Protein chains: 2
Amino acid sequence: MTIFVTNLQATKMFSKACEYGIRAATYIASQSRASRRVSLKEIANEIDSPVAFTAKILQRLSRHQIVSSVKGAFGGFEIEHERIPLIKLSQIVYAIDGDSVYVGCGLGLKKCNALKPCPVHDKFVEIRNELKHMLDSTSLFELTEGLEAGITYLKR
Amino acid sequence: MTIFVTNLQATKMFSKACEYGIRAATYIASQSRASRRVSLKEIANEIDSPVAFTAKILQRLSRHQIVSSVKGAFGGFEIEHERIPLIKLSQIVYAIDGDSVYVGCGLGLKKCNALKPCPVHDKFVEIRNELKHMLDSTSLFELTEGLEAGITYLKR
DNA sequence: TTTAAATCGGACAAATATGTCCTAATAACT
DNA sequence: AGTTATTAGGACATATTTGTCCGATTTAAA
Ligand code: FES
Ligand code: FES
């Protein structure tokens, strides 16, 4: 007899939406560097994500002016060359997940608050700061480099 | 006119279950140091968590032998003094969230795989390793210290 | 031995995140 | 002007996580 014990949840850094968002933006950026505007269908195919859900996420990125969208036949998504190195991961995360990275408490208290810290506050804040710094300092351009060199992948 | 744009999800390190688990274990540990066995009701009250949900989580911690439970009147939860400094946060996280911290890819590819890495792999792994190290090196004892000194809190 | 206080664990319910479908709007091409 | 390919966005559907309820079991005390 096999007993299945369902796991409650996974400790994960980003939401699915955010994961798709970063992958989509990275793909768009890499194609934009070759002046190719790409369609939703192509994006979803290349990053292996659900089409309609990806559409929602791209809408957000578009409203936040991270990607620009062009409607109609031959439309699609693109990012202006010169902006690619300027767009940081943090902007994408913020557009999709909001500011929770910045305000959340590691143990789920209402807000992280150094004046009334939870027991893991110090250690948590340290790691969160490193995460923040990574997000703030990593540009879309950096992410496309490995892709174009064929050493990183957006799907498997 | 106010328009509500529902946020998709929050970027968070731990699941709610895990947050409650750490808070509960910390409270039990701090009381066990004073040789007080504590009831579910008391725990939920002290960490401000839903009683029945907390019960599930404590069951897990109990099955994983992180806390020991005593049934019946005057029963409750406790942790043997000498084990308190030996129990690491990583064990609690593992008991509740499984090994996802160790295998997950930051961009949601099937598994993190250095041989076919996603574009954020290097940066992600670095932070994840720091998180792992923090979880592996932080004991329940450490978390109780601030509590007993009155400088950290399990609820607000 | 009865009663009361507690955990255990299954089934259920609600909330949230993820994912789908359809219609409208837009733009290029014929 | 009509057709086709595309994004925009609302409504809906499904999956997962979070949370509740209740009966069974256990234990100590009256
Ligand atoms: S108060 Fe919990 S992380 Fe800052
Ligand atoms: S492959 Fe994505 S984090 Fe390692």
Side-chain angles (χ1 to χ4, degrees), chain A residues 3-21 23-24 28 36-45 47-79 96-98 100 108, chain B residues 3-21 23-24 28 36-45 47-78 96-98 100 104 108:
Chain A
I3 298 177
F4 287 98
V5 180
T6 56
N7 254 27
L8 299 178
Q9 195 208 272
T11 298
K12 56 185 317 193
M13 215 77 94
F14 306 118
S15 65
K16 227 85 187 64
C18 211
E19 290 171 357
Y20 294 146
R23 284 170 31 209
I28 296 168
R36 285 194 66 236
R37 180 187 293 164
V38 287
S39 75
L40 167 63
K41 265 200 311 209
E42 178 179 337
I43 296 167
N45 187 258
I47 70 171
D48 193 24
S49 67
V51 179
F53 191 46
T54 305
K56 301 295 185 194
I57 295 160
L58 287 171
Q59 276 175 42
R60 285 196 160 234
L61 295 184
S62 173
R63 284 195 224 108
H64 282 256
Q65 297 162 352
I66 288 164
V67 304
S68 39
S69 72
V70 180
K71 285 185 176 183
F74 288 76
F77 299 88
E78 63 198 354
I79 305 176
I96 297 171
D97 281 354
S100 53
Chain B
I3 299 176
F4 287 97
V5 179
T6 57
N7 255 26
L8 301 177
Q9 194 209 275
T11 297
K12 56 185 316 193
M13 215 77 94
F14 306 118
S15 65
K16 227 84 187 61
C18 212
E19 291 171 355
Y20 294 145
R23 288 177 19 215
I28 296 169
R36 284 195 67 238
R37 182 187 290 164
V38 287
S39 75
L40 168 63
K41 265 200 308 207
E42 177 180 338
I43 296 167
N45 186 257
I47 71 172
D48 192 25
S49 66
V51 179
F53 192 45
T54 305
K56 301 295 185 194
I57 295 160
L58 288 172
Q59 276 175 40
R60 287 199 158 230
L61 296 183
S62 173
R63 284 195 224 109
H64 282 257
Q65 297 162 352
I66 288 164
V67 303
S68 40
S69 71
V70 179
K71 285 185 176 182
F74 287 74
F77 298 89
E78 63 197 355
I96 297 172
D97 282 354
S100 54

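Bear in mind the structure is a predicted one, so any value in this text is a computation, not a measurement. Each chain gets a letter, A, B and so on, in the order its sequence line appears, and its residues count up from 1. We use all heavy atoms of the structure for the numbers below, so side chains are in, but hydrogens, waters and symmetry mates are not.
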- Is there a side-chain polar atom (N or O) of S69(B) under 4.0 Å from OP1 or OP2 of dC8(C)? yes

- Query: Distance check: side-chain N/O of Y20(B) vs OP1/OP2 of dT18(D), anything under 4.0 Å?
  - Reply: no

- Looking only at side-chain atoms of L40(B), point me to the closest of dT7(C), dG19(C), dT6(D). dT7(C)

- Note on the structure: Rounded to whole Å, CZ of R60(B) lies from P of dG9(C) at a distance of 12 Å

- Message: Does dG9(D) have OP1 or OP2 under 4.0 Å away from a side-chain N or O of R63(A)?
- Response: yes

- For the pair made of CD in E42(A) and P in dA5(D), what is the distance, rounded to whole Å? 16 Å

- Query: Atom CG of L58(A) to atom C1' of dG19(C): distance rounded to whole Å?
  - Reply: 15 Å

- Query: Where the side chain of K56(A) is defined as all heavy atoms beyond and including C-beta, which of dG9(D), dC21(D), dT18(D) is the nearest nucleotide?
  - Reply: dG9(D)

- Please report, rounded to the nearest Å, how far the C1' atom of dA27(C) is from the CZ atom of F77(A). 15 Å

- Keeping the roles fixed (side chain from S39(B), backbone from G76(B)), state whether a donor-acceptor pair exists under 3.5 Å. no

- Shortest non-hydrogen separation from I96(B) to R60(B) and the atoms involved: O-NH1, 3.5 Å

- Query: In whole angstroms, how far is the P atom of dA8(D) from the CG atom of L61(A)?
  - Reply: 11 Å

- Query: In Å, rounded to the nearest 0.5 Å, how long is the span from CG of N45(B) to CG of L40(B)?
  - Reply: 10.5 Å

- Message: Could you report the tightest heavy-atom contact between A44(A) and T54(A), atom names first, then the distance?
- Response: CB-OG1, 4.4 Å

- Note on the structure: To the nearest angstrom, the CZ-P distance between R37(B) and dA5(C) comes to 17 Å

- Rounded to whole angstrom units, what separation is found between the CZ atom of F53(B) and the C1' atom of dG9(C)? 15 Å

- With sequence neighbours excluded, what pairs up with F77(A) under the ring-ring contact (aromatic ring centres under 6.0 Å, His included) test? none

- Do L58(B) and I28(B) have side chains that get closer than 4.5 Å, going by heavy atoms? yes

- From CD1 of I43(A) across to P of dT7(D) the rounded distance in Å is 7 Å

What N/O pairs connect the protein and nucleotides 27-30 of chain D at under 3.5 Å? Give each pair on its own line.
| unit_1 | atom_1 | unit_2 | atom_2 | d |
| --- | --- | --- | --- | --- |
| dT27(D) | O2 | A73(B) | N | 3.0 |

- When you match Q59(B) and K41(B) each to their closest nucleotide on DNA chain C, which lands nearer the 5' end? K41(B)

- Message: Can you give me the closest heavy-atom contact between A17(A) and I57(A), atom names plus distance?
- Response: O-CD1, 3.6 Å

